[in-house]
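The shown structure was predicted, so the numbers you read here are calculated from the model rather than taken from an experiment.
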Amino acid sequence: MKWAFETLKRYRERFCMFNDDVQGTAGVALAGLLGTVRAQRRSLDDFPNHKIVVVGAGSAGLGVLSMAIQAVVRMTGNAEIAAQNFFLLNKDVE
């Protein structure tokens with residue numbers, strides 16, 4: 001799990017890289033989260049106000065969490081807002 005993020009970070013500027021667990025799953029999950037906001041007939045601007053719980057701290061779960069936080073930071077310009085509304089649970093529910 002850890003190696004996927006390290007590899008993506010290390011070579012980000014040198015090579016075009018894609019890790020399906022991290023980026024593929026995260027992209028699909030983010031689309032689902034944004035689609036849920038739209039299905040509720042709310043503006044996408046409301047997404048940063050939703051509380052999101054990601055269950056599973058593997059590379060896919062961490063990728064989903066990271067991409068969703070990045071989306072909120074881009075929408076609001078404020079990393080603290082994102083940190084308040086996203087939660088990660090691992091198998092030991094910590």
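Between the CD1 atom in Ile52 and the CG atom in Leu30 there is a gap of 9.5 Å [rounded to 0.5 Å]. Going from atom CD1 of Ile69 over to atom CZ of Arg74 covers 12.5 Å, rounded to the nearest 0.5 Å. How far CE of Met75 is from CG of Leu44: 5.5 Å, rounded to the nearest 0.5 Å. Once rounded to the nearest 0.5 Å, the distance linking CD of Gln84 with CG of Asn49 reads 10.5 Å.
Contact of the Leu34 side chain with the Phe47 side chain is registered, since non-hydrogen atoms from C-beta on lie closer than 4.5 Å. Residues Leu88 and Asn90 fail the side-chain proximity criterion, which asks for heavy atoms closer than 4.5 Å. Under the 4.5 Å side-chain criterion, counting only non-hydrogen atoms from C-beta, Leu89 is in contact with Val53.
The shortest non-hydrogen separation linking Gly63 to Ala26 is O-CB, 3.2 Å. Smallest separation of non-hydrogen atoms from Leu62 and Ala57: CD1-O, 3.5 Å. Considering all non-hydrogen atoms of both residues, Leu33 and Ala68 come closest at CD1-CB, 4.4 Å. Contact record, Val54 with Gly61: CG1-O, 3.5 Å, taken as the closest heavy-atom pair. Annotation for Ala79 and Val73: closest pair CA-CG2, 3.7 Å, computed over non-hydrogen atoms.
More than 12 heavy atoms of other residues, nucleotides or ligands sit less than 6.0 Å from atom CD of Gln40.
Using modelled atom types, one finds a donor on one side chain and an acceptor on the other under 3.5 Å when comparing Gln70 with Ser66.
Evaluation of the side chain to side chain contact (heavy atoms under 4.5 Å, CB included) rule for Val28 yields no partner, not counting sequence neighbours. Partners of Arg38 according to the salt bridge (Lys or Arg N to Asp or Glu O under 4.0 Å) rule, which considers only residues two or more places apart in sequence or in another chain, do not exist here.
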Full working for side-chain contact (heavy atoms from CB on, under 4.5 Å) between Asn85 and Val72:
CA-CA 10 Å; Asn85 290 329; Val72 170; over 6 Å; no
